[in-house]
There are 2 protein chains.
Amino acid sequence: MESSSIFRLAFILSIVIFLLTHSWFHLYKTSLFLSSKTNFPPTFKTRKTKFDSVLETPIFKVKNTFNSSPSYPLDPLTIQEINKAQIIISSYKPFLGSFPSIRSLSLDEPEKIQILNWKYGDPLPPRRAFVIAWANSQVHLLIVDLNLGQVISHVQNPGSGYPPISIDDVRVAIRATLSNEEFNKSIVARGVNFSDLVCTTPSSGWFGPEEEGKRIMKVRCYSSQGTPSFYMRPIEGLIVTVDIDKGEVIKILDTSPKIPIPNGENTDYRYMSQDKPPEMKPLNPISIEQPKGPSFTIENGHNVKWANWDFHLKADQRAGIIISRARIRDSETGEPRSVMYKGFASELFVPYMDIDENWYFRSYMDAGEFGLGATAMSLVPLNDCPRYSYFMNGLFVTADGKPFVQPNIICVFERYAGHISWRHSDLPIHGFEERIRESRPKVTLVARMAASVGNYDYIFDWEFQTDGLIRVTVGLSGMLMVKGTLQNSTNEDDIFGPLVSENVIGVAHDHFITFHLDMDIDGPINSFVKVDLVKEENPSAKTPRKSYWKAKRKVIEKEKDAQIKLKLYEPSEFHFINPLRKSRIGNPTGYKIVPKGNAASLLDLDDPPQIRSAFTNNQTF
Amino acid sequence: MESSSIFRLAFILSIVIFLLTHSWFHLYKTSLFLSSKTNFPPTFKTRKTKFDSVLETPIFKVKNTFNSSPSYPLDPLTIQEINKAQIIISSYKPFLGSFPSIRSLSLDEPEKIQILNWKYGDPLPPRRAFVIAWANSQVHLLIVDLNLGQVISHVQNPGSGYPPISIDDVRVAIRATLSNEEFNKSIVARGVNFSDLVCTTPSSGWFGPEEEGKRIMKVRCYSSQGTPSFYMRPIEGLIVTVDIDKGEVIKILDTSPKIPIPNGENTDYRYMSQDKPPEMKPLNPISIEQPKGPSFTIENGHNVKWANWDFHLKADQRAGIIISRARIRDSETGEPRSVMYKGFASELFVPYMDIDENWYFRSYMDAGEFGLGATAMSLVPLNDCPRYSYFMNGLFVTADGKPFVQPNIICVFERYAGHISWRHSDLPIHGFEERIRESRPKVTLVARMAASVGNYDYIFDWEFQTDGLIRVTVGLSGMLMVKGTLQNSTNEDDIFGPLVSENVIGVAHDHFITFHLDMDIDGPINSFVKVDLVKEENPSAKTPRKSYWKAKRKVIEKEKDAQIKLKLYEPSEFHFINPLRKSRIGNPTGYKIVPKGNAASLLDLDDPPQIRSAFTNNQTF
């Protein structure tokens, strides 16, 4: 209820070209994950008996089978295929001496035309792995043909930029920091016990040509004394810069030893740790009820069929959820009609609005640097996803090329929220014998993933409606990224965000999320149409009306013309149409893209973070 | 799936001054309503056995008790009080000759200060009725004191404008039309059977000073032959203008006898009438499950208590749903804290973008002209509202001053949609023994009403979250307002909207919905704060960051400065703060107003419809 919320969550609907150099990565070692044998978090049972509002009923079904062989051309690589790729790479001549650090190893998807022509029963197109590797301070892009058993393409350093941050990079950076004398002195001087020290490695951003040719990381630390919510206890003014190729600290910024570490009191957010329930009337149990179970099926682990929809769903280390080949049945003929060839979150840009030395570089790219799939933890049944959810694992690859399982990171469920899909009541004045009152409840299908990128949790929902609409929603949860300050009462002019507690600033920032949406409306030949609503004056004196607006359609010829800055007073609609397929009365079939919750980046176009995230310059393309 | 959807649904968040001259009205005679004895529409049972997706379970409870005496100062007038007011008016000297036509009769709410000081156990403030009446071609505003038994205030013609359209007005207009020879000839010439004729009375708008001093209505007719969806079969180019005070047709516009009446085939939208189910896999039953029933209580018919919220809820003939005195408990102290004194939809402006003689005047004000409560029909249990809904009646007043019941027009229910209210997973790299995975499901409370204003159905949802958020959503359903045309294939340049079927145009238009939100954050003394996010250049060469944005707060002194046109590239936040109440660290308590789905009117500022709906010139105030 405090007026301190100037953290903007923004979605930019953007059909961006998928930049390979933006990278893929994995964050965890196999061992970490295989030790997590249960789907339930340890606190789950206890918490539920405390003050819970969701029905305590058994989970409907949690299927976690992995297919040993793929059944659809877009299916992710199997455990066997990943192992095979690892063997091929390890016996590949350039890497015979030492196995490279694998930053991404995933299906090299066949060309769209191959997928579109493929039918069940056909042999699968050649299975290939696309690999981003790091070796000898070089980026290597490989294509490994699993059928031929060999590397068929190998490109080095295809452009600027580096592969994503890996757990190895994190280790190097933290080891270098912890073994640095100056750093240790500062920690001691600040009165922090080393046993309470938690260090994170915020990405360093990119700040112009001077930084090129070096892979640097920043290290920032916290005290976890008395709280699991160490993010609330930053050790402010101490930033270590590490050259991770050399494993050396190249700079220690130790500016503000007097800034206290914020008090950890009341920062433990866990239900378990609450002294007393919140001051409210407890809620009775509530749930979504489906006595006959859900109406969707998932064939071969990835092909989702529900109502009039079918689509392919998979987890991806970088993009999180990937929806492919979404098709809907024609309501009259029952024929499946193509809607979207592929859709996924392409980037998530989070620039902080603080220019001081400790903060200026914070301009995260959470998908490319950390990975939305890689940071997606297992969903909590009943609380993250309702009772009749189907859970799907992610199968990713470690730095040494081995498969690892991220359990239950996607859930699929049917939603009934008391919404009305369509209704009409007729007024009794029109004299029909039976007053008409027609109403249809709205049931939808949701595919969900929650990416925990450090302090923030992004909840991605892809929702399908029977009327053909696909709605993508991103929820932001987790905790604020905060900054320590000497201030303990509000005096806002000289800080970069509101004081949210004693000695804690919530630094102002944006979250821009862009989506790759490859729409294939009734097939791959589509046009992008900008429909401007343009005010016209009434040319005739016949009526006293002076003005009106008219929809002016314009097929966009060049991508440049599709880069649009939204304006409330110059509104447009955005349609993908198939000019080859017309309705009975001659309208092209089409699909409307509706941007919602848009925001614009206010940074200078030549500011390094904005140069790097130029995909947020416009709200489309 | 066709690219023909350029009908804009827009919400303008607008704290508008409630214009009394915009009027209140009632649409139906008591008899119409008292004859509708069942809560179920006649088609309900049959349809459910056909292709239904909602659980066939008994309704939890439908309470429709009316209190004989009010228990809270904001409670609507009771049946007894309405009857008493009617008697007082009928014995009021100026109306002794003939009872005036009552266009609105509702509680004259006591001053805010009286309400805020009132406590349970105190006597109620004087009960008064505010009356808008029409008599001798004059507007009469009365205040009737029910305790004193007399009219205590009487103002005639307080400003320009007329009371809302009444059923009597509609009858006069239609009777005059049907008895007009020229009109009847045209109907015969167009081949329409009189038994199929359905006429509606679109409001005539306001088109400058020439029209002042006359109450005029337009009459437009349809053929209902072969379909209950007569809106799809307009008799185009035939508009009758009636002076409803004189009961005379003053103009017949008969321009386009050659435009065919669109074919009625496949326009019957009723489930019952469908030949075959839609081409999709049928859905299993689904519902919201609450084995212990809902967690809210409604005391004395109007005081809703749920979780940490309490508020007063009532139906209003003009505004639909009125929420008053919304308060939330402080999460630490349990004290109720004021959030909103009153909130309701204040107007709904629907201008059509067609300048021809038959259409230019269509610039509806659905709240002021027709009434959102007056056009709200009974909700359909299970389809309009989920299983454990509580239904509330509307109690309105007829033209002769008698109470009538609009049954089940509001429903209140708890929603669980599989949403997450808050979650956080900690990455395993931070070394905590127990990996943290905390997630809380989101349960909300919804109060709903659906206003069927002719062809359109507006679904108003007021949703309350336990974190203090109130979300107002308006869904648009029903049918398009269409226009007949000679065209039967698409050639868009010369028409005012896309061809949606043979000889049918969907005329382009907007829906602007404004809200009256009287926020009382921790009490009535509040300031409106505009928080501009302003780009700043980095003044220092210390860091390579060039730019950032900063939140600049400005307390708005004059209402004029609060009239804001939203701009994506000059973003602002809007806070109501209580300068008298500060948080522990000195921030004023406050509440953020987040405009969503905004649209701007593109009409000329001096265009008559825009002059009349100048409240849509800006997106606030």
Side-chain angles (χ1 to χ4, degrees), chain A residues 2-3 6 32 41-42 54 207 278-280 283-284 286-287 289-290 292 295 307-308 329 331 334 353 355 360 377 380 383-384 386 416-418 423-425 428 434 437 439 441 452 457 477-478 489-490 535 538 543-549 551 568-569 575 586-587 590 600 602-604 607, chain B residues 2-3 6 32 41-42 54 207 278-280 283-284 286-287 289-290 292 295 307-308 329 331 334 353 355 360 377 380 383-384 386 416-418 423-425 428 434 437 439 441 452 457 477-478 489-490 535 538 543-549 551 568-569 575 586-587 590 600 602-604 607:
Chain A
E2 292 180 329
S3 60
I6 55 167
L32 273 170
V54 159
F207 282 87
E279 288 284 351
M280 57 181 255
L283 299 180
N284 292 342
I286 186 167
S287 182
E289 183 175 15
Q290 302 189 268
K292 294 183 185 166
S295 317
N308 43 4
R329 278 177 198 284
S331 58
M353 298 301 146
I355 51 176
Y360 79 90
M377 305 286 101
V380 181
N383 291 6
D384 274 330
Y416 169 63
R423 85 176 313 282
H424 181 63
S425 289
E434 274 192 1
R437 221 174 303 155
S439 180
S452 299
D457 296 61
S477 197
S489 70
T490 287
K535 192 191 71 175
N538 183 356
T543 62
R545 182 74 173 261
K546 293 192 178 181
S547 58
Y548 66 108
W549 58 256
L568 199 57
Y569 282 85
H575 300 174
N587 290 316
L602 302 184
L603 297 182
D604 280 340
D607 200 354
Chain B
E2 291 182 329
S3 59
I6 54 167
L32 272 171
V54 159
F207 284 87
E279 287 283 350
M280 57 180 256
L283 299 181
N284 291 342
I286 187 167
S287 183
E289 183 175 14
Q290 302 188 269
K292 294 183 184 166
S295 317
N308 43 1
R329 278 177 197 283
S331 57
M353 298 300 145
I355 52 176
Y360 77 90
M377 304 286 103
V380 181
N383 291 7
D384 273 331
Y416 169 62
R423 84 176 313 282
H424 180 63
S425 289
E434 272 193 0
R437 221 175 302 155
S439 180
S452 300
D457 295 61
S477 197
S489 70
T490 286
K535 192 191 72 175
N538 183 357
T543 61
R545 184 74 173 262
K546 295 192 177 182
S547 56
Y548 66 108
W549 58 255
L568 199 57
Y569 282 85
H575 300 176
N587 290 316
L602 302 183
L603 296 183
D604 281 340
D607 200 354

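Both backbone and side-chain heavy atoms feed into the values below; hydrogens, waters and symmetry mates do not. Values in this document were obtained by computation on a predicted structure and should not be read as measured data.
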Visitor: Kindly say whether S547(B) contributes a backbone atom to a donor-acceptor pair with the side chain of D604(A) at under 3.5 angstrom?
Guide: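 Not at all, since once roles are kept as given, no pair shorter than 3.5 Å links the two residues.
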Visitor: What's the shortest heavy-atom distance between L603(B) and Y548(A), and which atoms?
Guide: CD2-CA, 3.8 Å
Visitor: Does R423(B) pair with D457(A) as a salt bridge, N-O distance under 4.0 Å?
Guide: yes
Visitor: At their closest point, which heavy atom of Q290(A) faces which heavy atom of I286(B), and how far apart are they?
Guide: NE2-CD1, 3.5 Å
Visitor: Looking at every heavy atom in both S439(B) and N383(A), which two are closest together, and how far apart are they?
Guide: O-ND2, 2.9 Å
Visitor: What are the two closest heavy atoms between I355(A) and N538(B), and how far apart are they?
Guide: CD1-OD1, 3.2 Å
Visitor: Does any N or O in the side chain of S287(A) come within less than 3.5 Å of the main-chain N or O of E289(B), such that one atom is a donor and the other an acceptor?
Guide: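 No: the side chain of S287(A) does not pair with the backbone of E289(B).
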Visitor: Short question: side chain of N308(B), backbone of M280(A) - any donor-acceptor pair under 3.5 Å?
Guide: no
Visitor: Which atom names give the shortest non-hydrogen contact between N284(B) and S295(A), and what distance separates them?
Guide: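 Closest approach of N284(B) to S295(A), heavy atoms only: N-OG, 2.7 Å.
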Visitor: Taking every heavy-atom pair that is under 4.5 Å apart, which of S425(B), P386(B), G334(B), G586(B) has the most such pairs with chain A?
Guide: S425(B)
Visitor: Only counting residues at least two apart or in another chain, list the ones meeting side chain to side chain contact (heavy atoms under 4.5 Å, CB included) with S331(B).
Guide: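 Listed in chain order: nothing, the list is empty.
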Visitor: Which atom names give the shortest non-hydrogen contact between R545(A) and Y360(B), and what distance separates them?
Guide: NH1-O, 2.7 Å
Visitor: Identify, with sequence neighbours excluded, every residue that meets side chain to side chain donor-acceptor pair (under 3.5 Å) alongside S477(A).
Guide: none
